Amino acid sequence: MFEKEVNPDNIQKAEFIVAIPSYNEADSIAYPVQQADQGIASFFGHMKSVIINCDNNSQDGTKEIFLGIKTDTPKIYISTEPGIKGKGNNFKNLFQKIVDLEAKGVVVVDADLKSITPQWIKNLGEPLFQDFGYVAPLYVRHKYDGTITNSIAYPLTRSLYGRRVRQPIGGDFGFSGKLAQTYLQNDTWTDAVSNFGIDIWMTTIAMNENTPICQAFMGRPKIHRAKDPGSDLGPMFRQVLGTIFELMINFHPFWSNVKWSKPTAIFGFGLGETEMPPPVNVNKEVLLEKFQEGFSLYSHIWEKVLQKGANNKLQEIRKMDQEQFDFPTNLWIKILIDFIIAYRDKLWNRDELLDSLIPIYMSKTLSFVKKTERMSIRESEEFIEEECTQFEAAKNLLIQRWNNGKAA
Amino acid sequence: MAKILVVDDEEHIRLLYSEELSEAGYEVITAADGYKLIEKIEEQKPDVVILDIKMIDYNGLDLLQKIRNKFYNMPVILCTAYDTFKEDIKSIAADFYVIKSFDLTELKNKISMALDASIPSS
């Protein structure tokens, strides 16, 4: 039977919330709930707190598992209407609940987390009761986990909005009740935001609101259901990129005035030795194959969207075998700029346009894998930082192209 | 005129930076250690802090954390003779870092980038 809300303890007010969004997470949700409960007891015991599961009306028993876990902290289950899916839709419900409960601080953690500890709740939550309005996670991830973050979301967001937030789509973060109100009232909501676009949307809005942002050091790596970057990522890629591009249109007056980037405060040191993440296997053959397939599927779009030089370069790269494969960062940046302008000018159906970027992204990922395969995680981080510098240096080119109007 | 605070326990480095950066048109103030650094920043209101990482009595990365927590947007450039400091995650709270050298071209570039960095009010 569908229930929009289950609030067994009839909680009407709460200062602190830990929220866990889910869709069919019956197998995994118990662990983060237990860790959140311990974290609340250890570090927020003096506050009126609640754990909320915001769900997409899962049919696998997520609700029953969540409500059945024995916790000291009261729990509330809320759900979207039957048939309404998407992580962003869960958050919309959550924002309203935060406002209703008049909460001061909220921590969100993924339901499939296997490495969460009670300390994560402290580190993501405590800064919200100091001077910060948004807390992004900082964890050691395997160099091939989070390739959309590494190649696009981090460098692009950093160069656009001037804040260095290493995990802008980390999935685990904290925000103030005040910011929840801002999110609820913001009019840039789209279908993509209703789904996987929600994380980058929240981070970008926080930056545009000049919310004091800090990064919380988690100490342990994020261990969850990591995906091979070569596997099917269509919807997520479309929704994250679509949200970034859409927000660029809305927030042009802000980002066009940002020069270079600034670091953010770091919270939560002293957690002992940092644990290394488990390996993520990448299938290089699949990445190369998908890039090659892209020519037959999308070259008609690329010809229309890309500037001539970039198109010629792609043709050169097409001839490379896996051994010699190299995709220069500056070419990647120029291609992204071409796609940004094409998206803005609606030069092609936007979903198809974003899909057509996937094979090029695959080739950039292959090049990253090849360049960093002998590097340690720290060295690959330095490599990404160097790429970010190139993104920031290309900002003038982006502004020029943006101001000059129509695409290629 | 932009004001630069140089924090370094080596006197010759403070002298070199003072001379060269003054010639480049900056007002330079110095500190030989991290003692009461936060108070000094509050009092002197520098536009950029240049911070040595390895000082005899102070760890520059710990000082960086203190600066960052108190002065959210204060540009800080880390100076070091070695790049092993990057193994410490705290180093990411710096705006830039430079390897110590008698040629200050790189440092001057970073100062100018730090001064140029701006984030508009929403």
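Note: hydrogens, waters and symmetry copies are ignored here, and every other heavy atom, side chains too, is used. Values in this document were obtained by computation on a predicted structure and should not be read as measured data. Numbered from 1 within each chain, the chains take letters A, B, ... in sequence-line order.
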Between A/Tyr183 and A/Trp201, is the ring centroid distance below 6.0 Å?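 Close enough - the centres of the two rings lie under 6.0 Å apart.
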Got a sec, which residues hit salt bridge (Lys or Arg N to Asp or Glu O under 4.0 Å) with [X], two or more places apart in sequence or on another chain?
| X | result |
| --- | --- |
| A/Lys104 | none |
| B/Glu19 | none |
| B/Asp9 | none |

Heavy-atom distances under 4.5 Å only: say whether [X] touches chain B with side chain, backbone, both or neither.
| X | result |
| --- | --- |
| A/Leu138 | side chain |
| A/Ser256 | neither |
| A/Glu392 | neither |

Would A/Phe175 and A/Tyr134 count as a ring pair (Phe, Tyr, Trp, His ring centres under 6.0 Å) here? Give the steps. CA-CA 4 Å; A/Phe175 57 97; A/Tyr134 189 82; 7.1 Å; no
Flag for A/Thr190-A/Glu246: side-chain donor and acceptor within less than 3.5 Å: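 A/Glu246 vs A/Thr190: no donor-acceptor pair found between side chains.
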By number, which residues in residues 157-173 of chain A have some heavy atom less than 4.5 Å away from chain B?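 Within residues 157-173 of chain A, near chain B: A/Tyr161, A/Gly162, A/Arg163, A/Arg164.
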At a 4.5 Å cut-off on heavy atoms, which part of B/Ala114 comes close to chain A: side chain, backbone, both, or neither?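 Neither part; nothing is under 4.5 Å.
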side-chain contact (heavy atoms from CB on, under 4.5 Å) between A/Ile98 and A/Leu184: does it pass, once the steps are laid out? CA-CA 10 Å; A/Ile98 294 164; A/Leu184 207 52; over 6 Å; no
Would you give the length of the straight line joining atom CG of B/Leu5 to atom CD1 of B/Ile77, rounded to the nearest 0.5 angstrom? 11.5 Å
